[in-house]
Structure formats: structure tokens, C-alpha cells
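Sequence lines set the chain letters: A, B, ... in the order given, protein chains first and strands last, and positions in each chain run from 1. From a predicted model like this one, the values you see are computed outputs, not experimental measurements.
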Amino acid sequence: MQNLSEQEIVRRENLQKIRELGVDPYPPEQFEVTALAADIVANFEEEILEDGKKRGLNYQEVSLAGRIMASREAGKAMFMNLQDSSGRIQLYLRREEICPGEDTALFDMVIKKLLDLGDYVGVKGFVFRTRTGEVTLHVQEFKFLAKSIRPLPIVKRDAEGNVFDAFTDPEQRYRMRYVDLTVNPEYKDIFIKRSKMLSAMRRFFDDQGWLEVETPILQPIHGGAAARPFATHHNTLDMPLYLRIANELYLKRLIVGGFDGVYEIGKMFRNEGMDRTHNPEFTSMEIYVAYKDYNWMMKMVEECLEYVAKAVLDGSTVARFGDQEIDFAGPYERLPLLEGIRKYTGKDVAAMDEAQLRQFCKELHLEVEDNWGRGKMIDEIFGETVEHHLIQPTYITDYPIEMTPLAKKHRSQPGLVERFELYVNGKEIANAYTELNDPLDQRERFEDQLKLRERGDEEAMALDEDFLRSLEYGMPPTSGLGIGIDRLAMLLTNQQTIQEVLLFPQMRPK
RNA sequence: GAUCUCGUAGCUCAGCCGGUAGAGCACUUGACUUUUAAUCAAGGGGUCCUGGGUUCGAGUCCCAGCGGGAUCACCA
């Protein structure tokens, strides 16, 4: 045990003294809770009697549990604030009631002196309204449930709304999320909304009859996306394994296997940079539906996001994000990629050859690498000139084939594939294709990726022979979709950083 | 990975031109039976991120490192 602060030493001494007085600071038995603080404060009712006195009509025998977050002594009485999962309520204690006889040790010692802020307690009593009008629990029984031996940085607000001792340092908040959620309970709302978002999405898919599945996180070949993986090693098999960067190829194997619709909501892992929109592990939703194409998928996404937004935003489809208002009600604008570039630059990149594209990139002050092909440059031009305009949900459709080795060739436009990405607030939220199910075409695309890899592109896709075999057996026409769950959560909870929508964002070790 | 910026008490922060560290809350002791940032009186608490350097003297200036935040690059 190393250097304890004065306050930690005092709390440990208090813990010992409580035990010496015969009180268990960590009792094993359950404590029955019959009410929540927020419900009481919202619903307490009283009547005024003929003699002018007031009488509570409800909550006259309740039992609450939570942390003591403030304590005010007033002689032989005391006021405290109790915080439970719902909110806070004031407690009122009188010595003569807690300790009716001569022995006032429980009140004078245990409650008045040995109780610390942050301690978990259970209280029973009746609710009334104080002279100053605050709904308060008049405590008749008091019990320690768990002692806190480390001081909490409790936030205080005065009558003018000034905030004192705010626990605001993001590093501390993320590293000690348990403290953050305790002293800044408003952040719990983000995670409650995130949970509502996920359960609404599952409900939407389940109602269509699609099946939630789980596919391997440890994969021998990291396929399905262009990204650098985390590598690990399996001892018994003595082989390298990768944490998945995508689950696409496994979900398609299930479509080959005869499921009409499968989806998975789970973590993906990418060994790349971290910033306010990237965490090394992130949550993605991927869904594949047989006999559909990307036009159908656009409609499905509109219906799904509208449904999910309503579940999170109490029936509204409009999310406030910073100073923007984003409406998730469909239909969304559809803008082919090349038209989008024309719209915002006036240039027709489709007509340009590689040298002309390179020149255009220079004009835009884009740093072009030698190994970039047409597709990569067009993608960069799009990112530079169009992306930030796409505030309301917008589908960008029909991408160059080079960038998209798993999507089917466009039915009418050579050089393009049937792919769309959904942009909201200038950021990509979803990505979908009419899936490539021609096994010979797929093999050629993988081989093109291998060539890119030989040219030094570390993110080029690896060839997955077993996946190709599954396509050779025959995959029905299928449309697939991926949604970045963390980014959708950011939009629906008005948060500017991914760390705020992750309970435990990745941090450097201390 | 690059640039900017920050690191002082449990928490939030002051600390001037370099002169051995300060406030509020929290904590300790005492008073008070409807208070609410309770109040009143008294008191304790510091590896000034780490390591070097300049200087008679460094929280302060310089260098390096560690960690955070912001912006950028890569990516979803």
C-alpha cells in the first residue's frame, strides 16, 4: 500500500471505527428497494389538513438505496442528498428518531462522523416537503450498504447555476468512467440512447425475419475491407490469427448456405490511427439480404434509420447535431459520385485520363502518390470537394471499380460498381453494395488486389480461397450493408467525439 | 506520424519581471432539531508530470522525455 492522501487515511480509519462499533460497512444481505428518487420527486402528492398542516398522500413507507452525495449538519438533525440510478433526493434525519434511547452512538458517531460522501446507504422512511419546498425523505431507518474509501470529485452547483469542482478532464473521465458516470450522471443518457438505438435496430431487422448471427473475430485471413489488422497467435494451432477488420465474407458464406437475411452487430478492429472519429475497436452492423439489390437497400436504410431515430429521439426524426438539424426521415437525396464531383467542381472527371486526373488533384492541392490509380484519385477528389457539403442524409452512388473489389459491376455504366455510401453531416455512416456473386469475376478482383499489394499497398485485400469456393457453389443475388454504429450514435446523441459514445475508449496505458 | 497547447492539494484553478506555494470546494475539530454550494469558528494537507541545464536561487527560463487535449495525415 503506497502513499495515501489524508482523506484516504481518514476514510480507512472511519471504516475501522464503524466495524469496532459493531456495524458491518459491507453487509452481505440484499437491501429491498421500493422506490426511485426521480419518481418520488416527480410524483409526490400531499394534502393540506384543516389545522393547516400538510400530509403526504403517497410514498409514506419507502425504501431507497444509493450514494450520499452531500451532507449538511444542523445540530441534532442532518440533511443529505442521496443519488440513485434515477437521480437525487434529499434525506432528513433526526437523532431522536434514529437513536430513540440514551445510546446515540449510531447517529453521533456512525452517521454524523463516520459517514463519508460517496458511501452507499439504504434508507427507509416517509416522504414530505420541507419548509423550503423540497421533496424530502424523512429517514426512520438507516443502514450502511458499502463504504467508499476514496474521495469522489463531487460536482456542485450554486443557486445561480455556477458549477464548482466540475470533473471535466476528458482523460480522467474516460480512464475512470465509473467516476464520470457517478459525478456527471447526465452522460449516462448517451449510453441509454445508444442502447435504445441498438435495440431498435435489432427489432427492425428481426421483424423482417432476418437472423442475428455471430461470426469469427479471430480470422486466419483478414478479409472484407481495406485496413491494417491486429495480429495475434494461437498457441495450440501454432498459427497466426488476425482480429477481424470486417465480417463481410463470413456473412456472405451464410447467404450461400441458404439464409435469406443475416446480420451481425459487433466489434471490428483496425490497427490504425486514433482520433475523435476513430477508435481501434469499433462497432459495426452488417446485414446481407438475398434476392435484393442496392436500390432496394437504399429504401431499407431509409426506413430503418427513420425507425431507429424515432426510438432514440422520442418519436422525432430530427436530430440536433452541433448547430445543425439533421432529419432522418426518408427518402434521402441520391447523387451519383461522378455527378457529385461535377456539381461541386464543374469538372467531369469521368472524361479525364490518368494524367489529367493527376493534374486536377494538383490543382486541388492533394498529395498524390505514384501508385494511385484512377479510382483512388477520384475518391480523393470526392473527399476534398463534395463530402463536407453532405449535411442531410445523402446517398452517394456508383463508385469506380478499382476501389471496390466486392461489389458487382454496374448494370449499365462501365468502370463503375453498384455501391452507395450514406453521408450525414459530411461523414460516411453506411456503405452498401449489390454484392458480387460471380465467382470468376471475384477471383479476378482479388488478383487485382494482390497486384496492388505487391506495389506496396498494405491495405489491399487478401485473397480468401474458401470464400471463392463458396461463391463457386452459387450465391443468390444479394445486397449487403454496413453501418458505423459509433458514428450513428454520435449523430443521434449530439456528441462530437467517438470517445463520448464509447464507455471505455482506448487510452495509452498510464 | 506532424504541428500547436496543457500538466501546481482529493476536484476546479490562481501563481506577475526567477526570490523556498495560494483560493474555493472537499477533509479534520467544535457550535447549531427544516437545511440546501447550509452557516459560523479553528486546523491539517503539495515529488509544482519526470530527468537534465542556466542561475546565488527555478512552479516560473532552456533542452529532452512521458501523458492529455486540439488541428492535420491514414481510416470507418
Which part of the nucleic acid, if any, lies within reach of A/Gly273 when heavy atoms closer than 4.0 Å are counted: base, sugar-phosphate only, or nothing?
base
How many Å lie between [atom1] on [X] and [atom2] on [N], as a whole number?
X	N	atom1	atom2	answer
A/Glu171	B/U5	CD	P	19 Å
A/Glu272	B/A73	CD	C1'	12 Å
A/Gln172	B/C13	CD	P	11 Å
A/Asn247	B/A76	CG	C1'	13 Å

Summary of ring pair (Phe, Tyr, Trp, His ring centres under 6.0 Å) pairs that have at least one residue in residues 107-130 of chain A, sequence neighbours excluded
A/Tyr92-A/Phe128, A/Phe126-A/His138, A/Phe128-A/His138
Would you say [N] has OP1 or OP2 under 4.0 Å from some side-chain N or O of [X]?
X	N	value
A/Arg72	B/U35	no
A/Arg276	B/U71	yes
A/Arg131	B/U35	yes

Salt-bridge contact A/Lys252-A/Glu435 (side-chain N to carboxylate O under 4.0 Å):
yes
Please determine whether any donor N or O and acceptor N or O are separated by less than 3.5 Å between the side chain of A/Asp275 and the base of B/C74.
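When only heavy-atom distances are counted, A/Asp275 does reach the base of B/C74 through a donor-acceptor pair under 3.5 Å.
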Please list, one pair per line, the donor and acceptor atoms closer than 3.5 Å that link side chains of residues 144-153 of chain A to other protein atoms, with sequence neighbours excluded.
unit_1: A/Lys147; atom_1: NZ; unit_2: A/Leu114; atom_2: O; d: 3.3
unit_1: A/Lys147; atom_1: NZ; unit_2: A/Asp116; atom_2: OD2; d: 2.7
unit_1: A/Lys147; atom_1: NZ; unit_2: A/Asp119; atom_2: OD1; d: 3.1
unit_1: A/Lys147; atom_1: NZ; unit_2: A/Asp119; atom_2: OD2; d: 2.6
unit_1: A/Ser148; atom_1: OG; unit_2: A/Arg11; atom_2: NH1; d: 3.3
unit_1: A/Ser148; atom_1: OG; unit_2: A/Arg150; atom_2: O; d: 3.1

Residues in salt bridge (charged side-chain N to carboxylate O under 4.0 Å, His left out) with A/Glu47, at least two apart?
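Here the qualifying residues are A/Arg55.
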Going by salt bridge (charged side-chain N to carboxylate O under 4.0 Å, His left out), name the residues that satisfy it together with A/Glu402, two or more places apart in sequence or in a different chain.
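Counting only residues at least two positions away or on another chain, A/Glu402 forms no salt bridge (charged side-chain N to carboxylate O under 4.0 Å, His left out).
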For A/Lys124, does the NZ atom have more than 12 heavy-atom neighbours from other residues, nucleotides or ligands under 6.0 Å away?
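Count not over threshold, so no.
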With a 4.0 Å heavy-atom cut-off, tell me which residues in residues 82-92 of chain A come close to RNA chain B, sorted by residue number.
A/Gln90, A/Tyr92
Can you figure out which of B/A76, B/U33, B/C74 approaches the side chain of A/Arg94 most closely?
B/U33
If you check every side-chain atom of A/Tyr174, which of B/U12, B/A38, B/G69 has the closest atom?
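Of the options given, the side chain of A/Tyr174 lies nearest B/G69.
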Shorter than 3.5 Å, N or O on both sides, protein versus nucleotides 26-30 of chain B: list them out with atom names.
unit_1: B/A26; atom_1: O2'; unit_2: A/Gln7; atom_2: OE1; d: 3.4
unit_1: B/A26; atom_1: N3; unit_2: A/Gln7; atom_2: NE2; d: 3.0
unit_1: B/G30; atom_1: OP2; unit_2: A/Lys113; atom_2: NZ; d: 3.3

Examine distances only and state if a side-chain atom of A/Lys143 and a backbone atom of A/Glu141 form a donor-acceptor pair shorter than 3.5 Å.
no
Pair A/Lys17-A/Glu20, salt bridge (charged side-chain N to carboxylate O under 4.0 Å, His left out): steps then yes or no:
CA-CA 5 Å; A/Lys17 285 178 195 158; A/Glu20 283 164 7; over 6 Å; no
Can you tell me how far C1' in B/A37 sits from the matching atom in B/A23, rounded to whole Å?
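16 Å, rounded to whole Å.
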With rounding to the closest Å, how many angstrom separate the C1' atoms on B/C11 and B/U55?
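B/C11 and B/U55 have their C1' atoms separated by 36 Å.
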